[in-house]
Amino acid sequence: MASGHFTLAKDGGLIETGIPYGILHSYENIPAYISPDTRSGCSRVADIVVKAINESSGGFKLGLTTGKTPAGLYHELVKRFQNSEVSFADVQIFSIDEYYPVSHDALQSRNRRLHEEFLSLVDVKAENVHIPDGETPRENISEYCAQFDKMARELDLLVIGVGEQGQVGFNEAGSSEKSRTRTVLLSYKSRKRQARNFNGDLVATPKTAITMGISTMMSAKRVVLMAWGEDKAKAVFDIVEGKPDPACPASFLQRHENISMYVDENAACMLTRNVAPWLVGPCEWTPKFIRKAVVWLCEQVGKPILKLTQQDYLEHSLGELLEQKGAYDKININVFNDLQHTITGWPGGKPDADDSTRPVASAPFPKRIVIFSPHPDDDVISMGGTFIRLVEQGHEVHVAYQTSGNVAVHDDVVYQMVDAANELGFADRREQVRELIRTKKPGEPEPRALLDIKGAIRRSEARSAVRSFGLNEDTNAHFLNLPFYETGGIKKGERTQKDIDIIKALLNEVKPHQIYVAGDLADPHGTHRVCTEAVLEALEQCQSEQWLQECHCWLYRGAWMEWELGKVDMAVPLSPDELIKKRHAIYRHLSQKDIMPFPGDDPREFWQRAEERTQNTAALYNALGMAEYQAIEVFVKLF
């Protein structure tokens with residue numbers, strides 16, 4: 001149901017109105033079209049597809065991709081069809097890849113997914129659908145790929161999403177720009193990533209796939225690339241501004257004569273026109289945008305803020321800033337003070353203190369606070385030091401675990417837990433649990449009884465973590481178990497009003513003065529984003545509540561990325577002892593140590609990632625001329 005995807009409001013930046021096309025895209029080898037969010041981006045791509053089909057004289061050949069990236073596009077195209085804006089009756093559909101071997105009706109089959117999300121919901125004819133056949137006998141596969149490649153050449157329009165490492169289809173690092181439709185051996189890293197579609201089961205994840213080749217894609221008359229979410233930002237930069245490189249297969253498509261890329265603001269965050277827009281054209285110089293520019297300049301010249309010179313500004317295309325905002329030394333002092341005032345040891349406000357330059361008001365004190373944690377460990381991983389300090393400074397802190405996190409518990413952990421219970425004489429259900437695990441079907445949702453056990457394990461870990469630093473786990477730890485998550489598999493459902501109502505009930509019970517929410521923007525369809533948007537929608541529906549008029553919402557980041565300093569509103573420094581307390585709280589989440597089922601591409605444990613991230617932030621503050629701290633957790637104020 002819900003509104004569009006969450007994105008931060010723009011605060012200053014490039015003034016694009018009136019900038020000639022060539023200047024706006026001057027750093028780009030493929031023109032990038034940036035939309036505020038995924039939904040509007042998918043709408044723009046749908047406009048292209050619908051217009052191309054409606055203007056064709058018949059027999060239109062459309063190439064499509066599967067996965068998370070095009071999901072919003074398919075939803076939009078189905079809506080356009082239902083509104084009689086387009087017909088697919090005379091359209092030839094070509095899908096670019098498929099696992100191999102895989103049956104047509106397998107849950108994870110690209111064939112099945114494309115039919116469920118798009119083909120079965122429009123008027124496309126069965127004989128016009130061409131999806132690589134994952135059931136082709138091995139002795140015939142080479143001949144089959146050659147025939148498919150011949151049919152798939154010279155598509156009228158090819159619309160494809162790109163992967164985190166610049167993959168297109170299953171063309172991964174090392175793919176040749178001359179490659180054609182073929183079978184490919186999936187790397188271990190790729191299979192770990194694809195295992196998300198197989199309930200985290202690496203054994204059940206195919207080792208090979210069929211994919212359209214780069215040269216086949218290059219033969220299309222027009223190519224549209226899509227990427228949504230911050231986890232695609234590095235790939236988008238390499239594809240749009242980098243050089244053609246086998247390490248980023250989609251970058252070869254720069255050589256296409258009719259290609260464009262559609263991204264949301266989060267996926268575009270590393271492009272030059274976002275990182276340093278003053279290099280591209282005129283800008284709107286708001287205080288935060290000035291801070292962004294000055295921090296960037298410090299990084300370029302390797303100086304702290306107060307040592308920047310007028311020549312530094314002029315030599316790095318920041319003359320417009322000086323023209324509009326005055327002398328460089330005044331700008332230096334203003335930005336230094338601005339950044340200095342983000343630092344506070346009192347994230348809930350310091351009682352009876354002058355708060356005119358502090359990020360948080362001193363009154364009321366103590367405050368009622370709700371920390372929303374998407375999974376049962378995000379709270380301590382992402383803002384554990386601040387969490388601990390809020391508790392120790394006497395605030396009434398509540399933590400709300402939005403999902404059970406049950407699918408992220410390895411079977412071996414379940415074995416260990418029931419063995420311990422048996423040894424203690426509390427229960428003897430080992431054989432029953434073993435049978436539950438034995439009856440699991442690879443790649444399919446787990447039995448509900450097993451998921452309930454795993455959910456209980458994660459709840460016990462979360463309770464232990466907050467108990468370790470003095471929070472009452474019986475009264476102040478809330479397990480919401482939002483329904484959208486409880487599908488039993490990696491693919492989650494859509495958030496509904498049921499999810500919103502659960503959050504609203506807690507908010508209206510606590511009536512908080514402060515709310516902390518995960519601000520992760522990486523995955524446009526991931527659990528963190530859905531959880532964040534559920535909280536924001538609940539707050540929107542609580543607009544008439546009196547408590548909300550005195551409430552402020554702070555956004556923290558996850559274990560992978562951090563807020564850029566140009567956006568930070570509050571920075572909470574941690575001492576060495578506080579960092580150890582945070583680490584010990586993370587340690588309580590034993591099921592997530594050592595054998596995390598979904599660690600991403602970073603092999604380190606969560607506590608290691610979290611410490612490096614916060615220590616890097618402290619080093620950045622220090623390099624800019626601030627005091628040197630052991631670590632710093634930073635937050636952006638939403639309202």
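In this chain, numbering begins with 1 at the start of the sequence shown.
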Distance col, row L64:CG vs E117:CD, nearest 0.5 angstrom, shows 11.5 Å

pair L507-E545: side-chain heavy atoms closer than 4.5 Å: no

Taking the side chain as every heavy atom from C-beta outward, state whether L14 and L24 have any pair of such atoms under 4.5 Å apart. yes

Please tell me if the side chains of T65 and V159 come closer than 4.5 Å, counting only heavy atoms from C-beta onward. no

Determine, step by step, whether T181 and R153 satisfy the side-chain hydrogen bond (donor to acceptor under 3.5 Å, both in side chains) criterion, reporting the C-alpha distance in whole Å, the side-chain angles of both residues, the deciding distance to 0.1 Å, and the verdict. CA-CA 10 Å; T181 303; R153 287 193 167 265; over 6 Å; no

May I ask you to test the T69-K232 pair for a side-chain heavy-atom distance under 4.5 Å? yes

So, does K221 use its side chain to make a donor-acceptor pair with the main chain of N258 at under 3.5 Å? no

Mark yes when over 12 heavy atoms from residues, nucleotides or ligands other than E257 sit less than 6.0 Å from its CD; otherwise mark no. no

Determine whether a donor-acceptor pair (N or O, by modelled atom type, separation under 3.5 Å) exists between the side chain of S109 and the backbone of D105. no

When you compare the side chain of M151 with that of Q92, does any pair of heavy atoms fall below 4.5 Å? no

So which atom in R191 and which in T205 form the shortest heavy-atom distance, rounded to 0.1 Å? NH2-O, 2.9 Å

Salt bridge present between E230 and R557 (N-O < 4.0 angstrom): yes

Do other residues, nucleotides or ligands put more than 12 heavy atoms under 6.0 Å from the CD atom of Q543? yes

Is the ring pair Y33/Y262 parallel, tilted or perpendicular, if the boundaries are 30 and 60 degrees? parallel

Are C145 and I210 packed together at the side-chain level, in the sense that at least one heavy-atom pair is separated by less than 4.5 angstrom? yes

d(W228 CH2, N266 CG) to nearest 0.5 Å is 11.5 Å

Is there a donor-acceptor contact under 3.5 Å linking the side chains of S404 and N481? no

If you take all heavy atoms of P249 and I214, which pair is closest and at what distance? O-CD1, 3.9 Å

Nearest 0.5 angstrom please: S187 OG to K207 NZ, how far? 13.0 Å

Apply ring-ring contact (aromatic ring centres under 6.0 Å, His included) to the pair F170 and Y99, showing each step before the final yes or no. CA-CA 9 Å; F170 283 114; Y99 295 114; 5.6 Å; yes

Distance check, rounded to the nearest 0.5 Å: I259 atom CD1 versus M218 atom CE? 7.5 Å

Would you say that more than 12 heavy atoms from the other residues, nucleotides or ligands in this model lie under 6.0 Å from the NE2 of H130, or not? yes

Quick one: are V122 and V78 in side-chain contact, heavy atoms under 4.5 Å? yes

For M212 and A152, the nearest pair of non-hydrogen atoms, with its separation, is CE-CB, 3.8 Å

Can a donor-acceptor pair be found between the side chains of Y401 and D379 at a distance below 3.5 Å? yes

Side chain to side chain contact (heavy atoms under 4.5 Å, CB included) evaluation trace for V45 with C42: CA-CA 5 Å; V45 177; C42 287; 5.8 Å; no

D238 side-chain N/O to A235 backbone N/O, donor-acceptor pair under 3.5 Å: no

Dump the intermediate steps for side chain to side chain contact (heavy atoms under 4.5 Å, CB included) on V86 and L77, then the final yes or no. CA-CA 8 Å; V86 65; L77 288 176; 5.6 Å; no

Does OH belonging to Y21 count more than 12 external heavy atoms closer than 6.0 Å? yes

I would like to know whether E98 and R110 meet salt bridge (charged side-chain N to carboxylate O under 4.0 Å, His left out); could you show each step before the answer? CA-CA 5 Å; E98 179 59 283; R110 306 291 221 196; 5.3 Å; no

Return yes if a side-chain donor-acceptor contact under 3.5 Å exists between D149 and T216, otherwise no. yes

Testing the 3.5 Å rule here: is there a donor-acceptor pair between the side chains of E486 and N406? yes

G134 versus Y100, closest heavy-atom pair with distance: O-CD1, 3.4 Å

Between W554 (side chain) and Y516 (backbone), is there a donor-acceptor pair under 3.5 Å? no

Show your reasoning for whether side chain to side chain contact (heavy atoms under 4.5 Å, CB included) applies to C553 and V517. CA-CA 7 Å; C553 183; V517 182; 3.8 Å; yes

Any donor and acceptor pair, going by atom type alone, linking the side chain of D378 with main-chain N or O of H375 inside 3.5 Å? yes

Looking at L62, is its backbone amide N or carbonyl O close enough to the side chain of D156 to form a donor-acceptor pair, meaning the two atoms are under 3.5 Å apart? no

Over 60° means perpendicular and under 30° means parallel, so tell me whether F94 and F148 are parallel, tilted or perpendicular. perpendicular

Locate the shortest heavy-atom distance separating V50 from E85; write the atom from each residue and the value. CG1-O, 3.8 Å

Side chain to side chain contact (heavy atoms under 4.5 Å, CB included) evaluation trace for I96 with L158: CA-CA 9 Å; I96 67 171; L158 175 60; 3.9 Å; yes

What's the separation between atom CG in D377 and atom OG in S373, rounded to the nearest 0.5 Å? 6.5 Å

Mark yes or no for whether Q254, through its side chain, and G242, through its backbone, hold a donor-acceptor pair below 3.5 Å. yes

If the threshold is 4.0 Å, N to carboxylate O, is there a salt bridge linking E537 and R495? yes

Going by distance alone, is a donor N or O of one side chain under 3.5 Å from an acceptor N or O of the other, for S120 and R112? no

Which atoms form the tightest heavy-atom contact between G166 and C248, and what is the distance? CA-SG, 3.8 Å

So, R113 and E116, do they make that salt bridge, N to O below 4.0 Å? no

Sub-4.5 Å side-chain heavy-atom contact between E172 and V184: no

Surrounding NZ of K10 (heavy atoms of other residues, nucleotides or ligands, distance under 6.0 Å), is the total greater than 12? yes

Strictly by modelled atom types, are D245 and S251 linked by a side-chain donor-acceptor pair under 3.5 Å? no

Say whether, by atom type as modelled, one donor and one acceptor occur between the side chain of S215 and the main chain of S179 under 3.5 angstrom. yes

Got a second to check how far L482's CG is from D499's CG, nearest 0.5 Å? 5.0 Å

When you measure from the side chain of S260 to the backbone of V224, do you find a donor-acceptor pair of N or O atoms at a distance under 3.5 Å? no

Whether N128 side chain and K125 backbone form a donor-acceptor pair below 3.5 Å: no

Are D264 and R39 ion-paired here, with the side-chain N under 4.0 Å from a carboxylate O? no

Students often mix this up, so state it plainly: with edges at 30° and 60°, are the rings of Y74 and F118 parallel, tilted or perpendicular? parallel

